[in-house]
Amino acid sequence: MGDQAQMAATVDPAEETPSMLWGLDPVFSAFARLYVRDILQMTESTQVPGIYFYNSHPIYKVDVLGTVVYKRERDDFFCYGVDDGTGVINCLCWKNDLLKEEANPTKSGGKHSDGAKGGFNPATELEKLRQAQQSRCHLEIGELLRVRGPVKTSRQQREIMASTYYKVNDPVMAVQIAWMMEVPQLYRQCYDKPPQLQPTATGASGISSLSKATNTIKDFLKQTSVSRFRPYDVQDLLQPLISSQPQTASADQEPVAGPSACQQLRQLLKEALEILQDEGIVYRKVKSQDEVYHVTAHDTDLRIVVKDIIREDSKREKYAEKGCHILHILSAVRQHYSLNVSKEALELVLKSLECNSDIVSTSDSHYTVF
């Protein structure tokens, strides 16, 4: 095990992100679902011991699912070796008081009063709880363990100090398959993308202006309750954001060539509308030269179409029990109403219909009518 957990070199202090910026990375406050191989190879921070970096993401606690390949037991803790297919890591799992009492049972033993027949016996219920907890925390080699906790380095070996751990009952490997599908997505969407923790002056102002532009358009749509609009209808609302930006050239410098205020305004508007489309707040029913954006929350026609699809398809035997899946509804909407309706827009419509008691959700992804 020692050979597999050789410590990687620490990060160069000049290249390491300042610790005051770590909180800007959402990975820092989450249990990172990393492969054991990557946990063993993470570089350690020179600023704060116990903090590690994967692709510049600051990490100190992880979430691992794997098979127990070795175990040791002491009075106060279990020591499990967990193999997730990429490597083996040592997991230190502390026993709680209920498990410790197994070795030192109470002197009263089985002399507890049973009380009335069928009554509640605290001692008996506590013993049942202890046995259930023991079955989840006492694992054998070959069983599946999920462990979450901070990463530590002890005797030049990296290990997990478990804050939570339990045996996973997975007879048909459903949990493992779901895990193997989810973790690669987390890597693609988050872990393998370097965090943006070093905002420059221009970058910070750009992000701020885009955020303000998006919120400005959102406020306009709420206040006016318009069901559709064109870009030039909201373009003037963003004008103050452009005129308030500082000039880049000083008085004694030559003017710096760059986009005109009109070009900046159009670009800012374009980016803000793209964000609103990604969030499902607006969508384009027909993509043509005449840019018309429909406001999802105020589009009565879309609400009627979605409600009709759910009502009619829920009568079919295939959907009678659980209702219509959201992907089926999305496919039907795109077929009968508009190819450009996004899943995010549909989710907003479904949420609104459910709030009005027009439909009801039977699961996270299925909907039916009353």
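Below, each value reflects all heavy atoms present in this structure, side chains not excepted, and no hydrogens, waters or symmetry copies. Numbers here simply count residues along the sequence, with the first being 1.
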Practice task
Return yes if a side-chain donor-acceptor contact under 3.5 Å exists between Tyr80 and Asn90, otherwise no.
Solution key: no
Practice task
Classify the ring geometry between Tyr191 and Tyr187 as parallel (under 30°), tilted (30 to 60°) or perpendicular (over 60°).
Solution key: perpendicular
Handout entry: Any donor-acceptor N/O pair, Arg228 side chain to Arg284 backbone, under 3.5 Å
Key = no
Handout entry: Stepwise salt bridge (charged side-chain N to carboxylate O under 4.0 Å, His left out) check, Lys285 with Asp301
Key = CA-CA 11 Å; Lys285 183 177 179 180; Asp301 292 340; 5.2 Å; no
Fill in the blank from the handout: In this structure, CG of Asp76 is separated from CG of Leu92 (nearest 0.5 Å) by 10.0 Å
Practice task
Output yes when a side-chain donor or acceptor of Asp84 lies under 3.5 Å from a complementary backbone atom of Val36, and no otherwise.
Solution key: yes
Handout entry: Reported CD1-to-CD1 distance for the pair Ile309 and Ile359, which is rounded to 0.5 angstrom
Key = 11.5 Å
Problem - Nearest-0.5 Å distance, SG of residue Cys79 to CD of residue Glu159 - result: 6.5 Å
Exercise for the section: Would you confirm whether His336, through its side chain, and Ala332, through its main-chain N or O, come within 3.5 Å as a donor-acceptor pair? Expected result: yes
Handout entry: Pairwise distance CZ(Arg33) to CZ(Arg148) - rounded to 0.5 angstrom
Key = 7.0 Å
Problem - Between Ser352 and Arg303, a side-chain donor and acceptor under 3.5 Å - result: yes
Problem - Cation over ring face, Lys61 and Phe31, 6.0 Å, 45° - result: yes
Exercise for the section: Determine yes or no for a side-chain-to-main-chain donor-acceptor pair under 3.5 angstrom, with Thr224 supplying the side chain and Phe220 the backbone. Expected result: yes
Practice task
Mind running ring-ring contact (aromatic ring centres under 6.0 Å, His included) on Tyr319 and His328 for me, showing each step along the way?
Solution key: CA-CA 10 Å; Tyr319 305 107; His328 166 75; 4.5 Å; yes
Problem - Donor-acceptor pair between Gln267 and Gln263 side chains, under 3.5 angstrom - result: no
Exercise for the section: Would you check if the side chain of Asp170 reaches a backbone N or O of Val175 as a donor-acceptor pair within less than 3.5 Å? Expected result: yes
Handout entry: Backbone N/O of Gly323 and side chain of Thr368: donor-acceptor pair under 3.5 Å
Key = no
Practice task
Examine the side chains of Asp308 and Tyr337 and answer whether a donor and an acceptor come within less than 3.5 Å of each other.
Solution key: no
Practice task
Can you measure from OG1 (Thr153) to CD (Gln157) and round to the nearest 0.5 angstrom?
Solution key: 9.5 Å
Exercise for the section: Tell me, please, whether Phe78 has Lys95 positioned over its six-membered ring: NZ or CZ under 6.0 Å from the ring centre and within 45 degrees of its axis? Expected result: yes
Problem - Aromatic centroids of Trp22 and Phe53 separated by under 6.0 Å - result: yes
Practice task
Kindly say whether Thr296 contributes a backbone atom to a donor-acceptor pair with the side chain of Tyr283 at under 3.5 angstrom?
Solution key: no
Practice task
Keeping the roles fixed (side chain from His57, backbone from Lys193), state whether a donor-acceptor pair exists under 3.5 Å.
Solution key: yes
Problem - Distance in Å, Asp233 CG paired with Tyr293 OH, rounded so as to fall on 0.5 Å steps - result: 12.0 Å
Handout entry: Arg266 side chain near Gln264 side chain, heavy-atom distance below 4.5 Å
Key = no
Practice task
Assess whether salt bridge (charged side-chain N to carboxylate O under 4.0 Å, His left out) is satisfied between Glu279 and Lys218, documenting all intermediate values.
Solution key: CA-CA 11 Å; Glu279 294 178 358; Lys218 286 181 180 178; 3.1 Å; yes
Exercise for the section: Please examine the side chains of Leu350 and Val306, heavy atoms only from C-beta on, and report whether any two atoms are closer than 4.5 Å. Expected result: yes
Practice task
Say whether, by atom type as modelled, one donor and one acceptor occur between the side chain of Glu143 and the main chain of Glu140 under 3.5 angstrom.
Solution key: yes
Exercise for the section: Report yes if the side chains of Val151 and Arg158 come closer than 4.5 Å at any heavy-atom pair, otherwise no. Expected result: yes
Exercise for the section: Without swapping roles, check the side chain of Arg334 against the backbone of Val341 for a donor-acceptor pair under 3.5 Å. Expected result: yes
